[in-house]
Amino acid sequence: MLSNSRAPLQYLNDISAWVSCVQEQELLPKLIVNTATRMMQAKASSLLLLDEDGKTLRFEITTGSKKKELKNYQVKLGQGIAGYVAETGTPLLVEDVHKDPRWHSVISQNINFKTTSIACSPLKIKSEIIGVLQIVDRIDGSFFGKDDLNTLNVFANVCAKAIHNSRQVESVNRKNIELTEQVAEKSQIVGKSREVKRAVSDALKVAATKASVMVLGESGTGKELMARLIHFQSSRKDFPLVILNCGALTESLLEDELFGHEKGAFTGAVALKKGKFELADKGTIFLDEIGEMSLNMQTRLLRVLQEGSYYRVGGSQKISVDVRVISATNRDIEKEVQNKMFREDLYYRLNVVQIKNPPLRDRKADILLLTHHFLEYFRKQQARPDLEFSAQTLQIIKTHSWPGNIRELKNAVERAVIMCEGPMISAEDLPFFVAEKDPVSFDKLNLKQAVHSFKKKHLIHILQSVQGNRTKAAKILDIQRTYLSRLISEFDIKGI
Ligand SMILES: Nc1ncnc2c1ncn2[C@@H]1O[C@H](COP(=O)(O)OP(=O)(O)OP(=O)(O)O)[C@@H](O)[C@H]1O
Ligand SMILES: [Mg+2]
């Protein structure tokens, strides 16, 4: 029996203190052995953890007078009392180690530490053994008994769980860092042209504030990227960035997405659903394609922005949120306002700061810079580190009109990296090569020729944008699929 003045239960306070320390990898083992030593009134305690190879036990941490020396020691699985417990998973109480053949006396002799009795418990996660916790000699010289071993076992079970949780937290943290780095790499805004520099510097200025930002630009000019930059450069970066494409949803779905609903609000509302505004609390909401929003929804959105609170669909409890709003559109939003398709008051609320992403054709200087940036990215992704562009390919890339902007350029580089067989990316590897093989200057064409040339380019562009899916392309072009097939033959653009 324990002869100490504090019963083990009273050590629950100590235990609860370190259970909440699972976030602190380095502190946890120390707290474990300190509590074990005090609770068991031991001269010393050691936490030994099994290495990844599953064959070696390392002294993770030790209390007592020899703690520094022991830090360098290891024992093999099956060796000594700790090794026996780790191998068999059975707790062990040895009153006099000198009489037990399992005792590995070398360590004690080496560090000159007199040991008589040892109690040792395995640390188990389900059936897997991750290490052992061992206590050596009671301070008052009495022996450890069965009850002590039972107490140590219960304590060891809690320790094992805490160590396991702490390892999981560490693994999640590590993954989080990796992902953040990947996101940072993916979210890098490349460009040295005056227009891009200006857009980025505006974004950085506004990031520090809570002001609403409207990002304008054609499709594929990096509007979402800009929204990410603003969010991740703001003090809100540790809270969510919630993205909602307003153009892809019907009015009622959009309402449901933005504001959520209460359980039972309508048939099919089987559970409470939080809206994007609620999910973005303290962070940022990115309302993409805001120009597609119906006037009805615009009115609802305006009210939320004015009041900073709203009700879930079918709800009676006011939800207050602190959200920065970034919106984007590729429409001429001012014209939409003039035509009364977009509420002027909402426009002014959303457009406190406006950032314009220039199309690629207005910043030719960035084309090659971006090309190399994407090549670098896909070289890594596709594990083809030595791939280069031929001079002719670069020339074609430079003079292409890039109707789909940066997204099109990025896709073109990706395709070229995938298609290219040798070490050099040639013109044939570019998806739009068919069109560029025979570049035409519109200046010298009569109307019929110009229409023909435009039709061909447009068909190629649409087909590329849907990765050659003819059904999708026909839908966008609003023509029969059979007619599209005929056009494809006529223009000799089968390869897309
Ligand atoms: N300046 C840039 N530097 C590097 N990559 C960029 C840049 N601009 C855009 N991209 C890349 O191009 C692609 C398209 O960008 P993004 O989705 O942000 O454009 P968007 O304007 O939101 O397009 P859409 O209007 O079609 O939604 C993304 O893969 C993005 O990473
Ligand atoms: Mg977008």
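We count ligands from 1, going down the list as the structure has it; atoms in each ligand are counted the same way.
Between His452 and Phe491, the gap from one ring centroid to the other is short of 6.0 Å. Between Phe59 and Tyr73, the distance separating the two ring centers is not shorter than 6.0 angstrom.
The shortest N/O to N/O separation between Arg363 and ligand 1 does not fall below 3.5 Å. Remark: ligand 1 and Ile406 share no N or O pair separated by less than 3.5 Å (distance only, no angle test).
Of all the atoms in ligand 1, the ones that sit under 4.0 Å from a non-hydrogen atom of Gln188 are 3 (N), 4 (C). Close contacts between ligand 1 and Gly222 involve ligand atoms 8 (N), 9 (C), 15 (O), 16 (P), 18 (O), 19 (O), 20 (P), 21 (O) [criterion: under 4.0 Å to a heavy atom].
The nearest protein atom to atom 5 (N) of ligand 1, hydrogens excluded, is given as Phe374 CZ, 3.5 Å; this is a heavy-atom distance. When hydrogens are left out, the protein atom nearest atom 24 (P) of ligand 1 is Gly220 N, 3.5 Å; that is the closest non-hydrogen contact.
Separating the CZ atom in Arg167 from the CG atom in Leu28 is a distance of 10.0 Å, to the nearest 0.5 Å. Atom CD1 of Ile32 is separated from atom CG of Leu123 by 7.5 Å, given to the nearest 0.5 angstrom.
The heavy atom nearest to atom 6 (C) of ligand 1, out of those in Asn405, Leu225, Leu360, is found in Leu225. Counting heavy atoms only, Arg407 comes closest to atom 14 (C) of ligand 1 of the residues Arg407, His373, Glu218, Glu224.
Of the heavy atoms in Lys410, only side-chain atoms (C-beta onward) come closer than 4.0 Å to ligand 1. Using a 4.0 Å cut-off between heavy atoms, Leu370 contacts ligand 1 through its side chain alone, with no backbone atom that close.
Taking the six-membered ring where the residue is Trp, His372 and Phe389 present perpendicular rings, their angle passing 60° and hence far from 30°. The aromatic rings of Phe266 and His261 stand perpendicular to each other, their planes meeting at an angle above 60°, with 30° marking the opposite boundary.
Around NZ of Lys210, the count of heavy atoms belonging to other residues, nucleotides or ligands within 6.0 Å exceeds 12.
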Please determine whether side-chain contact (heavy atoms from CB on, under 4.5 Å) holds for the pair Ser219 and Asn405, giving the CA-CA distance in whole Å, both sets of side-chain angles, and the decisive distance to 0.1 Å. CA-CA 7 Å; Ser219 179; Asn405 286 300; 5.6 Å; no
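Using a 4.0 Å cutoff on heavy atoms, Gly217 does not count as a contact of ligand 1.
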